[in-house]
Amino acid sequence: MKHFTLPKDGGLIEENLPQGVLHSRERIKTEIFPDSTQASLVIAENLIEKINAFKASGQGRRFRLGLTTGSSPVSLYRWLSRFCSEGKISFKDIEIFSIDEYYPVVAKEYGRNRNLFSELLNKVDADPSLVHIPYADVPQNEVSAFCEEYEKKVRDLDLLIMGVGELGQVAFNEAVSLQTSRTRCVRLTYKSRKRQSRNFGGDVSVTPEHAITIGIDTIMSAKEIVLMSWGEAKAEAVKAVSEGHRDSAYPATYLQKHENITLYVDETAASLLARVVCPWTVGPCEWTPKFIRKAVIWLAQEVHKPILKLTQNDYLENFLSELLEKYGPFDKINIDVFNDLQHTITGWPGGKPNADDSTRPVKSNPFPKKVLIFSPHPDDDVISMGGTFIRLAEQGHDVHVAYETSGNVAVHDDVVLQHMDCAFQLGFADKFAEVKALVDSKVPGQPEPRALLDIKGAIRRSEARGAVRSFGLNDNTNAHFLNLPFYESGGIKKNPRTQADVDIIKDLIMKIKPDQIYMAGDLADPHGTHRVCTEAALEAVEQLKAEGQAWLEKTNIWLYRGAWMEWELGRVDMAVPLSPGELVKKRHAIFRHLSQKDIVPFPGDDPREFWQRAEDRTQNTARLYNELGMAEYQAIEVFLKLC
């Protein structure tokens with residue numbers, strides 16, 4: 001199955017650029033890759049080369065390898081297990097050290113090292129006697145002695161591979177960690193336990209309060225360090241670790257002092273680095289129209305001016321002399337970019353009938369259009385593009401929405417019981433005790449009972465149907481519930497995406513034959529639901545084209561963002577302004593999803609409700625357009641055109 005990355009449009013010309021220039025803004029050398037799979041392949045190949053060279057050197061000792069826990073290394077471990085089966089590497093004589101584990105111990109299938117075992121150690125020829133895990137099944141009065149012994153074993157590794165967390169933590173070294181810290185038992189912060197609770201059914205109360213971790217000084221003793229970080233959620237940490245000063249708030253910044261360290265990131269994790277945000281400050285660039293827009297918007301925001309008030313000195317003093325030399329004078333660039341950005345704004349996301357569409361983002365014909373909106377969860381459509389959804393429906397287009405997953409695991413047990421009680425009070429059935437028994441039978445970390453998941457899925461379907469009805473659409477004919485199989489694992493960890501998922505989407509596309517397709521562009525989590533759904537939908541489109549469905553060549557695909565992130569204005573192809581009344585309609589549609597209000601099991605660190613996040617995001621986009629010199633709107637939803 002293919003991994004999706006956003007298309008490139010201009011940027012830094014890295015070919016023949018000296019490494020010293022390319023990495024001039026970085027305190028830790030940082031390598032950027034399209035996605036975590038490609039980055040992990042390079043890490044795996046480099047590791048194999050180092051290990052084989054070490055063995056060939058005949059040093060008379062074993063290679064000492066430190067490996068990280070959690071989800072970051074999953075792709076790397078899959079590559080390594082594959083290469084081992086192909087005979088490219090053997091782990092027989094390699095001494096392997098894990099970096100952390102929960103304390104007191106939990107069942108190993110729920111521990112921090114479960115991926116290390118399931119994705120690598122159980123699949124390769126590693127000698128169990130040479131595998132060291134800080135799995136301390138000892139009483140509290142003996143744990144310090146255990147840590148001292150583990151510290152002696154784990155120092156001076158030949159290579160240490162680690163993930164960087166969202167707050168710049170490495171292993172369980174969080175903001176309170178010292179540079180001199182060594183292997184020890186630490187008390188986990190509430191934020192850390194909240195993140196870790198995903199491994200325990202989202203229940204913080206059963207998530208361990210302590211962990212054993214190697215320390216910063218332990219990490220620094222390794223001869224070579226490889227760091228890796230994937231996804232937009234880690235972008236701020238990556239910027240701090242790669243380009244910031246050493247800061248106790250981001251413990252991984254302490255590693256900047258190491259003499260042999262490299263940070264590997266995907267494009268989304270790298271989104272705040274200078275090479276991505278303002279590559280013209282690093283080296284020569286390829287200047288496409290959209291890339292010029294990106295540069296001018298950046299400049300306007302840097303000097304706090306509308307686009308049409310930018311001066312030649314603004315360009316010269318902010319590393320944009322190359323742009324002036326190739327496409328100046330400055331006032332022409334200002335006008336061209338202003339018009340380009342202005343033309344992204346439209347109140348007709350399906351195209352305006354009988355209008356000159358030469359500068360509009362959407363063609364007038366055909367009208368009305370058949371529109372298919374893919375929603376990964378049963379509320380992403382209204383949260384992410386509810387205002388545009390309303391416009392499309394009210395302007396007469398045949399709008400269909402496909403809810404790709406059931407979203408069942410995101411319904412709190414209390415919500416289920418409340419629905420059961422309501423049914424009983426109405427005299428339909430008395431199933432409360434039966435369902436309560438299902439709830440009580442749940443085991444932390446284990447998949448939920450299928451009967452309970454079916455109820456939760458039904459609740460979310462009823463909410464989605466209510467939102468569709470609020471737009472004046474027929475919820476029987478225009479709402480489609482795909483229930484993609486990859487999602488139905490019963491737990492947080494999902495099944496792999498397969499052709500079965502793609503085939504379901506292909507069938508729906510062939511049934512509707514849309515002129516426009518909208519889908520989620522959130523790529524923050526390499527294994528997250530949004531990414532998997534979008535990759536499955538794009539794979540379906542590709543396969544249908546290859547199978548001779550030529551009409552799809554005229555179908556435009558638009559990408560929206562979710563409740564947390566937004567497209568940078570340099571990328572935007574269509575901006576749909578919302579009036580105050582439309583914003584209220586969108587809010588009310590989000591309110592139809594009552595199971596997601598107030599008590600969502602997995603809300604993340606953001607305390608705002610989804611409707612608040614959505615409104616803040618779209619109102620901030622409107623403010624940015626206004627600050628650049630555009631008209632002032634209540635809110636704006638923006639989209640990237642994929643094809």
Could you walk me through whether Tyr190 and Val204 satisfy the side chain to side chain contact (heavy atoms under 4.5 Å, CB included) test, starting with their C-alpha distance in whole Å, then the side-chain angles of each, then the deciding distance to 0.1 Å, before giving a yes or no?
CA-CA 9 Å; Tyr190 176 75; Val204 177; 3.9 Å; yes
Checking the side chain of Arg497 only, and the main-chain atoms of Phe486 only, is there a donor and an acceptor separated by less than 3.5 Å?
no
Say whether Glu119 and Asn115, considering side chains only, have a donor N or O and an acceptor N or O under 3.5 Å apart.
no
Looking at Glu286 and Lys8, does any basic side-chain N land under 4.0 Å from a carboxylate oxygen?
no
On a heavy-atom basis, which atom in Ser81 and which in Val124 lie closest, and how many Å separate them?
CA-CG1, 3.7 Å
Hey, does Leu121 have a side-chain heavy atom less than 4.5 Å from the side chain of Phe91?
no
Drop me the distance from Leu76's CG to Met228's CE, to the nearest 0.5 angstrom.
5.0 Å
Within the 4.5 Å heavy-atom criterion, are Cys533 and Phe374 side-chain neighbours or not?
no
Okay, side chain of Trp79, backbone of Ile43: is any donor-acceptor separation there less than 3.5 Å?
no
I want to check something: taking the side chain as every heavy atom from C-beta on, are Lys234 and Ser72 in contact at a cut-off of under 4.5 Å?
yes
Between Thr534 (side chain) and Ala520 (backbone), is there a donor-acceptor pair under 3.5 Å?
yes
How many angstroms lie between NZ in Lys191 and CG in Leu167, if you round to the nearest 0.5 Å?
6.0 Å
Qualifying residue, where the test is salt bridge (Lys or Arg N to Asp or Glu O under 4.0 Å) with Glu566 and the options are Arg617, Arg561, Arg571:
Arg617
Under 3.5 Å, side chain of Arg193 to main-chain N/O of Thr207, donor-acceptor pair present?
yes
Please tell me if the side chains of Leu41 and Phe83 come closer than 4.5 Å, counting only heavy atoms from C-beta onward.
yes
Which distance, rounded to the nearest 0.5 Å, do you find between the OG1 of Thr30 and the CG of Leu263?
4.5 Å
Of the non-hydrogen atoms in Gly407 and His377, which two are nearest, and what is the gap between them?
CA-CD2, 4.5 Å
For Lys257, does the NZ atom sit with more than 12 other heavy atoms under 6.0 Å from it, leaving out its own atoms?
no
Tell me the closest heavy-atom pair linking Ile28 and Ala252, and the distance in Å.
CD1-O, 4.4 Å
Are the side chain of Lys29 and the backbone of His23 linked by a donor-acceptor contact shorter than 3.5 Å?
no
Please evaluate residues Ile505 and Glu404 with respect to the criterion side chain to side chain contact (heavy atoms under 4.5 Å, CB included), reporting the C-alpha separation (whole Å), side-chain torsions for both, the decisive distance (0.1 Å), and the verdict.
CA-CA 8 Å; Ile505 296 173; Glu404 293 166 285; 4.1 Å; yes
Given Glu488, which partner from the list Thr405, Asn408, Asn483, Asn495 fulfils the side-chain hydrogen bond (donor to acceptor under 3.5 Å, both in side chains) test?
Asn408
What one should report as the nearest heavy-atom pair of Ala171 and Met162 is N-CE, 3.7 Å
Does either side chain, that of Tyr403 or that of Asp381, offer a donor lying less than 3.5 Å from an acceptor on the other one?
yes
Side chain proximity check, Leu642 to Ile517, heavy atoms < 4.5 angstrom
no
Roughly how far, to the nearest 0.5 Å, is the CD1 atom of Ile261 from the CZ atom of Arg27?
14.0 Å
When you measure from the side chain of Ser221 to the backbone N and O of Asp156, does any donor-acceptor pair fall under 3.5 Å?
yes
What is the distance from atom CG of Asn122 to atom CG of Leu120, rounded to the nearest 0.5 Å?
9.0 Å
Just by modelled atom types, is the Asp158 backbone N or O under 3.5 Å from a matching donor or acceptor in the Glu224 side chain?
no
Please confirm whether Tyr103 and His210 have ring centers closer than 6.0 angstrom.
no
Min side-chain heavy-atom separation Glu14-Leu22 under 4.5 Å
yes
Within 6.0 angstrom of Glu86 CD, more than 12 heavy atoms from elsewhere:
yes
State whether the side chain of Asp501 and the backbone N or O of Thr498 hold a donor-acceptor pair below 3.5 Å, judged by distance alone.
yes
Donor-acceptor pair, Ser242 side chain versus Lys239 backbone, under 3.5 Å?
no
What pair of heavy atoms forms the shortest contact from Ala126 to Ile96, and how long is it?
CB-CD1, 4.4 Å
Going by atom types alone, do Thr288 and Asp9 pair a side-chain donor with an acceptor below 3.5 Å?
yes
Heavy-atom closest pair, residues Asp266 and Ala269
OD1-N, 2.9 Å
Side-chain heavy atoms of Leu65 within contact of Leu47, under 4.5 Å:
yes
d(Lys506 NZ, Glu542 CD) to nearest 0.5 Å is 11.5 Å
The test is side chain to side chain contact (heavy atoms under 4.5 Å, CB included); show your working for Leu484 and Val532 and say whether it passes.
CA-CA 10 Å; Leu484 296 183; Val532 175; over 6 Å; no
Compute the ring centroids of Tyr560 and Tyr518, then answer whether they are less than 6.0 Å apart.
no
Within the supplied structure, the quantity of interest is the number of heavy atoms (other residues, nucleotides, ligands) at a distance under 6.0 Å from Glu49 CD; does it exceed 12?
no
Name of the residue among Arg155, Glu151, Lys153 meeting side-chain hydrogen bond (donor to acceptor under 3.5 Å, both in side chains) with Thr183
Glu151
When Ile214, Thr218, Thr68 are each screened for side-chain contact (heavy atoms from CB on, under 4.5 Å) with Leu160, the one that passes is Ile214
Do Ser98 and Pro134 touch side chain to side chain, with heavy atoms closer than 4.5 Å?
yes
Does Val572 offer a backbone N or O that forms a donor-acceptor pair with the side chain of Arg293 under 3.5 Å?
yes
Ignoring hydrogens and angles, state whether a donor on the side chain of Thr69 or Glu101 is under 3.5 Å from an acceptor on the partner side chain.
no
Classify the ring geometry between Phe33 and Tyr264 as parallel (under 30°), tilted (30 to 60°) or perpendicular (over 60°).
parallel
Check this for me: Glu236, atom CD, are more than 12 non-hydrogen atoms of other residues, nucleotides or ligands nearer than 6.0 Å?
no
Under the side chain to side chain contact (heavy atoms under 4.5 Å, CB included) criterion, do Tyr254 and Ser248 qualify, and how do the steps go?
CA-CA 8 Å; Tyr254 291 144; Ser248 60; 3.2 Å; yes
Is Glu174 salt-bridged to Arg195, going by a charged N under 4.0 Å from an acidic O?
yes
Tyr102 vs Phe172 aromatic rings, parallel, tilted or perpendicular, using cut-offs 30° and 60°?
tilted
